[in-house]
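The structure appears below as structure tokens.
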Amino acid sequence: MIAGRYTLEREIGRGGMGAVWLGRDEILGRAVAIKRLGAVPGQDPDARERAERAEREARLAARLSHPHVVAVYDLVEDGDQQYLVMEHVDGTNLSGYLRAEGPLSPDRAARMLGQAADALAAAHHDGIVHRDVKPSNMLVTADGQVKLSDFGIARSDADPSLTRTGLVTGSPAYLAPEVASGSTATARSDVWSLGASLFHALAGHPPYEVGDNVLGALYRIVHEDPPRLDDPGWLGPLLEATMCRDPEQRWDMATVRDVLLSGPAHAAAGADSTQVLERVQDAPALTTAGVPTVIPTAVGTGRSQPPPADPAGPGRDRRRLLVPVLLAVSAAVVLVVIALVVGVGRDAGTDPEAGATPTARPSETTEPEPDPGPSAEDIEQFAADYVRTAVADPSQGFALLTPAYQRASGRLEGYTGFWGSVQEIRDFQMVEADPEAGTATYTYTYRRDGRSVTETVELTLQPQAGGGFLISGARTV
């Protein structure tokens with residue numbers, strides 16, 4: 001019996017702050033979750049920090065009192081131990097749910113992440129930044145209800161800084177770039193983390209593979225453009241507007257919530273992303289800068305670089321992957337947003353310059369120069385740069401594959417299994433650069449395992465808005 005009131009039944013989880021047990025409140029006769037935090041302050045060197053975090057979690061969670069936030073009931077001490085008593089959520093966390101269910105459809109992902117966004121919007125309204133938004137902190141019940149947990153490193157506007165300057169808090173795979181570089185987390189940092197969690201729900205894996213190389217993951221988050229999914233459905237614009245490197249260009253959490261919970265129109269014809277965005281056109285965060293176009297670039301070169309020719313090894317055909325329509329969707333979204341900002345369709349009854357037959361000003365009729373698209377020279381340079389990059393730094397080359405081709409290539413392990421054993425490249429020659437087909441064909445000779453191999457490879461390139469490419473497929477010819 002703890003504090004003369006709570007009994008422990010069995011351990012149901014374990015985290016950085018301590019073990020979580022299923023317990024029972026004997027006075028109220030209900031199941032509770034009890035987080036055993038360890039010794040009370042003064043018993044060990046880390047006890048004071050744990051106590052402060054427990055008190056913060058209890059205070060902030062109780063202050064929110066939201067249906068999608070795990071309720072905190074009590075904070076007690078018993079002997080030399082400290083315990084946080086919380087609402088028991090019968091289910092699993094979203095991370096475990098995804099391991100069991102696999103990637104979610106856009107509609108299912110939106111329904112689940114929309115509930116977490118609703119909780120975070122309420123927290124932000126109250127001046128609370130969660131700072132550790134991730135799938136494992138989203139509990140999922142059997143009927144699909146989501147509750148946000150673990151406000152242990154959350155921070156109120158009224159609190160002093162939680163950590164020392166430059167100390168990163170949160171989970172690396174979901175950290176916003178500004179937090180990964182050591183800056184203080186803000187509400188827009190939570191927006192990035194929710195977008196990264198949505199990416200995980202749609203892809204079935206986190207946006208960044210951390211493993212043992214935490215510093216490498218932090219470097220990619222800070223210096224490289226965010227990863228994108230080939231087929232995110234109607235959630236593509238929302239992913240771009242949440243996983244956007246500039247915090248000022250991200251949507252606020254209320255806008256994210258509104259888009260997720262309103263969803264696409266479920267009529268027979270459906271609704272595209274433009275119609276979804278029109279439903280939140282009055283949101284203050286929705287600006288022309290709020291829908292960024294991402295251009296993946298190689299670190300230190302200023303140029304986009306292609307991924308590996310055939311990561312699984314020479315002599316095997318690689319199936320081509322469909323080129324996603326994300327560019328067209330992004331363009332449509334940008335056009336809608338620009339129309340909202342400049343006020344297209346002004347009311348003739350209120351605009352003194354409008355008449356029965358408005359005449360456009362000369363500057364308004366000037367059309368921008370059409371984008372000629374990538375040239376053959378661009379493709380040739382990209383292919384040559386890519387091969388050099390893949391040999392010099394296979395992990396950097398892998399980061400420039402489309403997400404779908406990364407998976408088809410056996411992820412980083414399969415990719416480096418080939419390129420990591422290539423010792424040198426000789427006699428690189430372009431055969432054909434075809435901008436219309438989006439392909440680059442070249443012949444090269446490389447040394448691998450002590451022998452010389454000559455191959456002709458055709459890369460399928462995915463142009464990126466603003467310039468550059470990603471590789472979406474490769475085959476030997």
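We number each residue from 1, following the sequence as shown. Any value given below was found using the heavy atoms of this structure, including those in side chains, with hydrogens, waters and symmetry copies removed.
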Practice task
Please name all residues satisfying side-chain contact (heavy atoms from CB on, under 4.5 Å) with Ala201, sequence neighbours left out, ordered by chain then number.
Solution key: Leu98, Leu104, Ala109, Leu113
Exercise for the section: Decide side chain to side chain contact (heavy atoms under 4.5 Å, CB included) for Glu101 and Arg108; before the verdict, give the C-alpha distance in whole Å, the side-chain angles of both, and the deciding distance to 0.1 Å. Expected result: CA-CA 11 Å; Glu101 297 289 327; Arg108 287 183 66 194; 4.2 Å; yes
Practice task
Give a yes or no answer on whether the side chain of Ser149 reaches the backbone of Asn137 with a donor-acceptor pair at less than 3.5 Å.
Solution key: yes
Fill in the blank from the handout: dist Leu139:CG -> Leu148:CG (nearest 0.5 Å) comes out at 8.5 Å
Handout entry: Backbone N/O of Gly144 and side chain of Gln115: donor-acceptor pair under 3.5 Å
Key = yes
Problem - Pairwise distance CZ(Arg131) to OG(Ser189) - rounded to 0.5 angstrom - result: 9.0 Å
Exercise for the section: Tell me yes or no: between the side chains of Asp143 and Thr141, is some donor less than 3.5 Å from an acceptor? Expected result: yes
Exercise for the section: Under the side-chain contact (heavy atoms from CB on, under 4.5 Å) rule, collect the residues that match up with Pro177, sequence neighbours excluded. Expected result: Trp192, Ile221, Arg245, Arg250
Practice task
Start with the C-alpha distance between Arg188 and Asp190, add both sets of side-chain angles, then the distance that settles salt bridge (charged side-chain N to carboxylate O under 4.0 Å, His left out), and finish with yes or no.
Solution key: CA-CA 5 Å; Arg188 297 299 171 103; Asp190 281 353; over 6 Å; no
Exercise for the section: For side chain to side chain contact (heavy atoms under 4.5 Å, CB included), just list the numbers for Val89 and Val70, CA-CA rounded to whole Å, side-chain angles, deciding distance to a tenth of an Å, and then say yes or no. Expected result: CA-CA 8 Å; Val89 179; Val70 175; 4.1 Å; yes
Exercise for the section: Find out whether Met243 and Pro207 are in side-chain contact, i.e. whether some heavy atom of one side chain is under 4.5 Å from a heavy atom of the other. Expected result: yes
Handout entry: Main-chain N/O of Gln145 paired with His68 side-chain donor or acceptor, under 3.5 Å
Key = no
Practice task
Output all residues satisfying side-chain contact (heavy atoms from CB on, under 4.5 Å) with Ala122, sequence neighbours left out; order by chain, then residue number.
Solution key: His66
Problem - Residues forming a side-chain contact (heavy atoms from CB on, under 4.5 Å) with Glu436, sequence neighbours excluded - result: Asp434
Exercise for the section: Run the numbers on Asp258 and Thr255 for side chain to side chain donor-acceptor pair (under 3.5 Å), then give the verdict. Expected result: CA-CA 5 Å; Asp258 291 345; Thr255 302; 5.6 Å; no
Exercise for the section: Show your working on side chain to side chain contact (heavy atoms under 4.5 Å, CB included) between Leu84 and Val72 and close with a plain yes or no. Expected result: CA-CA 7 Å; Leu84 191 65; Val72 173; 3.8 Å; yes
Handout entry: Heavy-atom side-chain proximity of Gln462 to Phe469 below 4.5 angstrom
Key = no
Exercise for the section: Please confirm whether the backbone N or O of Val179 pairs with a side-chain atom of Ser183, one donor and one acceptor, at under 3.5 Å? Expected result: no
Completion exercise
Rounding to 0.5 Å, atoms CG (Leu218) and NE2 (His223) come to a distance of 10.0 Å
Exercise for the section: Mind jotting down which residue pairs meet the salt bridge (Lys or Arg N to Asp or Glu O under 4.0 Å) criterion with at least one end in residues 393-402? Sequence neighbours excluded, please. Expected result: none
Exercise for the section: Please confirm whether the backbone N or O of Pro247 pairs with a side-chain atom of Glu178, one donor and one acceptor, at under 3.5 Å? Expected result: no
Completion exercise
When every non-hydrogen atom of Leu194 is compared with those of Ala117, the smallest separation belongs to CD2-CB, 3.6 Å
Problem - pair Leu120-Ile128: side-chain heavy atoms closer than 4.5 Å - result: no
Handout entry: Partners passing salt bridge (charged side-chain N to carboxylate O under 4.0 Å, His left out) against Glu380 (at least two apart in sequence or in another chain)
Key = none
Practice task
Look up atom CH2 in Trp251 and atom CD in Glu240, then write down how far apart they are to the nearest 0.5 Å.
Solution key: 9.5 Å
Exercise for the section: Please report the shortest heavy-atom distance between Thr441 and Met430, naming the atom on each side. Expected result: O-CE, 3.5 Å
Practice task
Kindly determine whether Asp231 and Leu229 satisfy side chain to side chain contact (heavy atoms under 4.5 Å, CB included), including the steps that lead there.
Solution key: CA-CA 6 Å; Asp231 186 18; Leu229 294 174; over 6 Å; no
Practice task
Calculate, to the nearest 0.5 Å, the distance between atoms CZ and CZ belonging to Arg228 and Phe199 respectively.
Solution key: 9.0 Å
Handout entry: Close side-chain approach of Val256 and Leu260, heavy atoms under 4.5 Å
Key = yes
Exercise for the section: Check whether any side-chain heavy atom of Met112 lies under 4.5 Å from a side-chain heavy atom of Leu94, and answer yes or no. Expected result: yes
Handout entry: Within-4.5 Å side-chain heavy-atom neighbours: Tyr405 and Leu470
Key = no
Exercise for the section: Would you confirm whether Thr242, through its side chain, and Val191, through its main-chain N or O, come within 3.5 Å as a donor-acceptor pair? Expected result: no
Handout entry: Closest non-hydrogen atom pair between Pro67 and Lys147, with its separation
Key = O-NZ, 2.7 Å
Practice task
Answer whether the closest heavy-atom distance between the side chains of Tyr444 and Thr456 falls below 4.5 Å.
Solution key: no
Problem - Test item: Val477 and Arg475 side chains (from C-beta on) under 4.5 Å apart, heavy atoms - result: yes
Exercise for the section: Specify the closest pair of heavy atoms between Val133 and Tyr174, including all atoms of both residues, with the distance to one decimal. Expected result: O-CB, 3.7 Å
Handout entry: Ser375 side chain to Asp378 side chain, donor-acceptor N/O pair below 3.5 angstrom
Key = yes
Completion exercise
Between the CG atom in Leu239 and the CH2 atom in Trp234, the distance rounded to the nearest 0.5 Å is 10.5 Å
Completion exercise
Of all heavy-atom pairs linking Thr416 and Pro394, the shortest is CG2-CB, 3.7 Å
Practice task
Verify whether the ring centers belonging to Tyr446 and Phe418 lie closer than 6.0 Å.
Solution key: yes
Problem - Where Trp21 and Ala19 come nearest, the two heavy atoms and their spacing - result: NE1-CB, 3.8 Å
